[in-house]
Amino acid sequence: MPFVTTRTATRKDQHYDVIVVGSGAAGGQTAYTLAMDGVRVLMLEAGRNYDIVAETPMFQTNADAPLRGAATPDKPFGFYDATIDGGWAVPGEPYTNASEADGAKFEWWRARMLGGRTNHWGRIALRNGPYDFKPFTRDGLGFDWPIGYDDLAPYYDKVEMLIGVYGSNEGLENTPDSPPGVLLPSPAARVGERLIGQRAKALGVPVVPIHRAVLTTRLDHTTLPARLHPGNATAQRILAADMQRRAACFWATPCSRGCSIRATYQSPAVHLPPALETGKLDIVCNAMAYEVTLDRAGRANGVRFVDKATGKHELVNARVVVLAASACESVRILLNSKSAQHPQGLANSSGKLGRYVMDTVGSDLGGQVPLLENLPPHNEDGAGGSHVYSPWWLYQQQKKGQLDFARGYHIEMGSGRRLPSLATAAGLEWLTGGSYGRAFKADARRYYGSFVYFQGRGEMIPNEDSYCEIDPVVKDRFGIPVLRFHWRWSDHETRQAAHMQRSFADIIGAMGGRMQDPPEADGRKAIANGGSIIHEVGGAIMGSDRAASVTNGFGQTWDVANLFITDGAVFASNADKNPTLTIMALAWRTADHIVERLRRKEL
Ligand SMILES: Cc1cc2nc3c(=O)[nH]c(=O)nc-3n(C[C@H](O)[C@H](O)[C@H](O)COP(=O)(O)OP(=O)(O)OC[C@H]3O[C@@H](n4cnc5c(N)ncnc54)[C@H](O)[C@@H]3O)c2cc1C
Ligand code: SF4
């Protein structure tokens, strides 16, 4: 029987083909693909087991929670957030920064639980476009990937069909369409989103349905399993049964708390149940991996980890090792896997391990729109987050050199009446001049739902000054050396952030809205700290030159043929598109490659 446990001792006698470290988007997808193809997998997960049905506080109201559900240091996204263990700080597991100055420090958000950050994530699921894989070719900056959009497109299709992504095909530049029958229908735009769409369009900014991993309808269990696993009757049967256990969204609860009806993608809701059902996957929770071990021939043969339940150091073995612990954690494990053969860490003959860590450029601005005041009460809950977004619209102007920064951004936006919280009617003084009693209640009703906010999410170009390394002094509570980060934004990113501010102000103005604070003209002030958008990738980039990269286009490390990385560490650039769909597409592709190589007995 497959099992999820905190202990590995009982499984020492098992023989595994592949060890997968991590159970989030990357680990979940890798283990799913391998197990569905009959490969025996052992997953090591540093966090505890997590029951998406029993532990998801879907229906509680903020009024029932301490501090009315407000954020606290151990629950930075509020009391009911799905992250049961993790956040901006993980007790006993520090990291350090070479500089603590804003703009020079990196903020690292980690989840320690089965499924990792996929239990909380915003579910925005965008494909990278063709330009995004060849940025150097386009403008001479950063690096090209060794693969192109066409290599990954079939895997984007598969991931979208498996996890369920809603959205539309708009035919926009570098914003790929999906083949017919792959995307689910989009939900209707909310009132504020429609107004944004109308006014932004007049400025030349497109507003289209966003792509989000939420089931607007149930998945078609009669056709999708055969499209996803052609010729594999067992996988088709298991997946068809599992798809029938996933309900469609009922548009009423915040997705960031998790979804016990499995209407949204979380690894423990979508990847792990069918993978466990195959009988080919075993999961050991509370297993903090810290080293990849080698045999005498220099091939990876196992992983050492601390069993957090006992404090004991354990070793498990397999024919192939896959790191999927999230970009910087996978880099950390490799940097800590030092030996006489690999004194600078494993898979680091290029010296590029830890280099080119990237995040998404982020900058925000909000406004208040009189046209949206005193709207008749109506239900605007919908899916967590906006139903629309603006893909980057100035590719041609950028190409002609008309902008002072090289890469684009998309806009995520918010509006509408959501579940009231402690802060719903707070901070209205700039509009009311300060009201009390009945007047305040009338003001709260008047302004509720009349606010809009915009978040730019832009591409960062990899640079030599943004990287991580092992801190020479600091260790975590297990005695494992921690990461030290270095960070620098280039002018391309800070100018992009200033452009975001101008765009947001223009849209708010076109809506007849007003802003409490003016847009920030200085991009160095407008830009969020590195890491704070929680889209960190890079650190073990893929490339076609082994002297300049850590892995090849299959995430296979150049130095150790049976050692692979399937998380965002391998990204050679970080397009404006949120990274997780691409992480899963790459993971599926790498897992397919491993299956093929195992079959041919090449691994
Ligand atoms: C608030 C928030 C909103 C987000 N919104 C979006 C969004 O809308 N769209 C998008 O594309 N992305 C979004 N992201 C980012 C997204 O969550 C990540 O890109 C994605 O989860 C990365 O997958 P991963 O498997 O690499 O890492 P994770 O999901 O973090 O999983 C890594 C797993 O590995 C485990 N692990 C770590 N170290 C070890 C170790 N040493 N040994 C064993 N196990 C280990 C962790 O406990 C964890 O379970 C968001 C993230 C957050 C936090
Ligand atoms: S809004 Fe839909 S997908 Fe999100 S938690 Fe609620 S039911 Fe699940």
Side-chain angles (χ1 to χ4, degrees), residues 20-30 43-48 50 56 58-59 76-77 81-83 85-88 90 93 109-126 164 166 187 210-216 246-269 271 284-291 303 305-306 308 323-330 332-333 336 360 381-385 412 457 476 478 480 532-537 565-569 571 577-584 587:
V20 176
V21 180
S23 66
Q29 183 63 66
T30 310
M43 175 179 275
L44 300 177
E45 165 51 52
R48 73 159 169 85
Y50 171 62
T56 299
M58 271 176 104
F59 301 106
F77 290 105
D81 178 45
T83 311
D85 197 2
W88 293 113
V90 178
E93 298 187 43
W109 201 94
R110 291 164 291 170
R112 291 277 183 267
M113 62 192 292
L114 191 68
R117 288 174 288 173
T118 68
N119 296 302
H120 168 107
W121 73 310
R123 279 89 179 169
I124 297 174
L126 304 178
Y166 73 68
I210 202 165
H211 291 213
R212 205 179 278 278
V214 168
L215 303 188
T216 38
R246 295 187 65 194
C249 174
F250 48 54
W251 313 113
T253 52
C255 301
S256 59
R257 297 179 179 190
C259 186
S260 62
I261 63 167
R262 299 167 66 190
T264 176
Y265 167 74
Q266 296 166 236
S267 168
H271 282 138
V284 180
C285 289
N286 284 322
M288 183 72 193
Y290 61 91
E291 184 186 352
V303 176
F305 66 94
V306 177
K308 286 162 71 178
L323 297 181
S326 78
C328 297
E329 277 288 349
S330 290
R332 179 185 175 204
I333 292 168
N336 276 326
T360 291
D381 281 348
E412 298 171 14
R457 295 289 180 254
D476 68 12
F478 312 109
I480 308 169
S532 65
I533 307 302
I534 322 180
H535 289 168
E536 80 283 359
V537 295
I565 304 171
T566 59
D567 56 35
F571 279 37
K577 286 85 173 177
N578 317 43
T580 310
L581 191 76
T582 300
I583 289 175
M584 290 192 264

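Note that ligands are numbered from 1 as they come in the structure, with each ligand's atoms numbered from 1 the same way. We number each residue from 1, following the sequence as shown.
Closest approach of Y290 to N336, counting heavy atoms only: O-CB, 3.7 Å. The heavy-atom pair separating M113 from T83 by the smallest distance is SD-CA, 3.7 Å. The heavy-atom pair separating C255 from A383 by the smallest distance is SG-C, 4.4 Å. Minimum interatomic distance between A289 and V303 (heavy atoms only, all atoms of both residues): CB-CG1, 3.7 Å.
The single protein non-hydrogen atom nearest to atom 5 (N) of ligand 1 is G122 N, 2.8 Å, given as residue, atom name and distance. Remark: minimum distance from atom 44 (N) of ligand 1 to any protein heavy atom is reached at A46 N, 3.0 Å. Given atom 40 (C) of ligand 1, the protein heavy atom at minimum distance is A289 N, 3.7 Å. In terms of protein heavy-atom proximity, atom 9 (N) of ligand 1 is nearest to I124 O, 2.9 Å. Closest to atom 50 (C) of ligand 1 among all protein heavy atoms lies W121 CB, 3.8 Å. Closest to atom 31 (O) of ligand 1, if we only count protein heavy atoms, is G24 CA, 3.4 Å. Of the protein's non-hydrogen atoms, C249 SG, 2.3 Å is the one closest to atom 2 (Fe) of ligand 2. The protein atom (non-hydrogen) at minimum distance from atom 51 (C) of ligand 1 is I534 CG2, 3.7 Å. For atom 4 (Fe) of ligand 2, the closest heavy atom belonging to the protein is C255 SG, 2.3 Å. Of all protein heavy atoms, the one lying nearest to atom 5 (S) of ligand 2 is T253 OG1, 3.3 Å. In terms of protein heavy-atom proximity, atom 10 (C) of ligand 1 is closest to T580 OG1, 3.1 Å.
Atoms of ligand 2 lying under 4.0 Å from any heavy atom of F250, numbered from 1 in the order shown and given with element: 7 (S). Proximity to M113 (heavy-atom distance under 4.0 Å) selects the following atoms of ligand 1: 47 (O), 49 (O). Atoms of ligand 1 lying under 4.0 Å from any heavy atom of E329, numbered from 1 in the order shown and given with element: 37 (C), 38 (N), 41 (N). Counting the atoms of ligand 1 from 1 in the order shown, those under 4.0 Å from a heavy atom of D567 are 26 (O). Less than 4.0 angstrom separates some heavy atom of M288 from each of these atoms of ligand 1: 41 (N), 42 (N). Ligand-side atoms of ligand 1 in range of L44: 43 (C), 44 (N), range being under 4.0 angstrom from any heavy atom. Close contacts between ligand 1 and F77 involve ligand atoms 1 (C) [criterion: under 4.0 Å to a heavy atom]. Short contacts between ligand 1 and A287, defined as distances under 4.0 Å to a heavy atom of the residue, involve ligand atoms 42 (N), 43 (C). Below 4.0 Å from some heavy atom of I333 lie the following atoms of ligand 1, by number and element: 41 (N).
Counting heavy atoms closer than 4.0 Å to ligand 1, residue Y290 contributes nothing at all.
In this structure, the separation between CE on M584 and CG on D567 is 13.0 Å, given to the nearest 0.5 Å. With values rounded to the nearest 0.5 angstrom, E93 atom CD is found 7.5 Å from I480 atom CD1. To the nearest 0.5 Å, atoms CE (M43) and OG (S267) are separated by 6.0 Å. Taken from CZ in R457 to CD1 in I124, the straight-line distance is 8.0 Å, to the nearest 0.5 Å. The CD atom of E45 sits 6.0 Å away from the SG atom of C285 when rounded to the nearest 0.5 Å. Remark: T30 OG1 to I565 CD1 distance equals 11.5 Å, nearest 0.5 Å.
With C259, G258, S256, S260 as candidates, the residue nearest to atom 8 (Fe) of ligand 2 on a non-hydrogen basis is C259. Comparing A111, G116, A325 against atom 46 (C) of ligand 1, the shortest heavy-atom distance belongs to A111. When the heavy atoms of Q266, R212, R117 are ranked by distance to atom 27 (O) of ligand 1, first place goes to R117. By heavy-atom distance, the residue among E45, H120, E291 lying nearest atom 49 (O) of ligand 1 is E45.
Of the N or O atoms in I583, none lie within a sub-3.5 Å distance of an N or O in ligand 1. Here's the thing with A25: one of its N/O atoms is less than 3.5 angstrom from an N/O atom of ligand 1. Polar contact check, W109 against ligand 1: no nitrogen or oxygen pair lies under 3.5 Å apart. No N or O atom of V21 sits closer than 3.5 Å to an N or O atom of ligand 1.
Taking 4.5 Å as the limit, every side-chain heavy atom of R48 sits out of range of all side-chain heavy atoms of K308. The shortest distance between side-chain heavy atoms of S330 and V21 does not fall below 4.5 Å. N578 places a side-chain heavy atom less than 4.5 Å from the side chain of E412. Put simply, the side chain of Y50 reaches to within 4.5 Å of the side chain of N119, judged on heavy atoms.
By the 30° and 60° cut-offs, the orientation of the rings of W109 relative to H120 is tilted. Taking the six-membered ring where the residue is Trp, W121 and Y265 present perpendicular rings, their angle passing 60° and hence far from 30°.
R117 has a carboxylate O that lies under 4.0 Å from a charged side-chain N of E536, or vice versa, which qualifies the two as a salt bridge.
In this structure, F305 falls outside the shell of residues with a heavy atom less than 4.0 angstrom from ligand 1.
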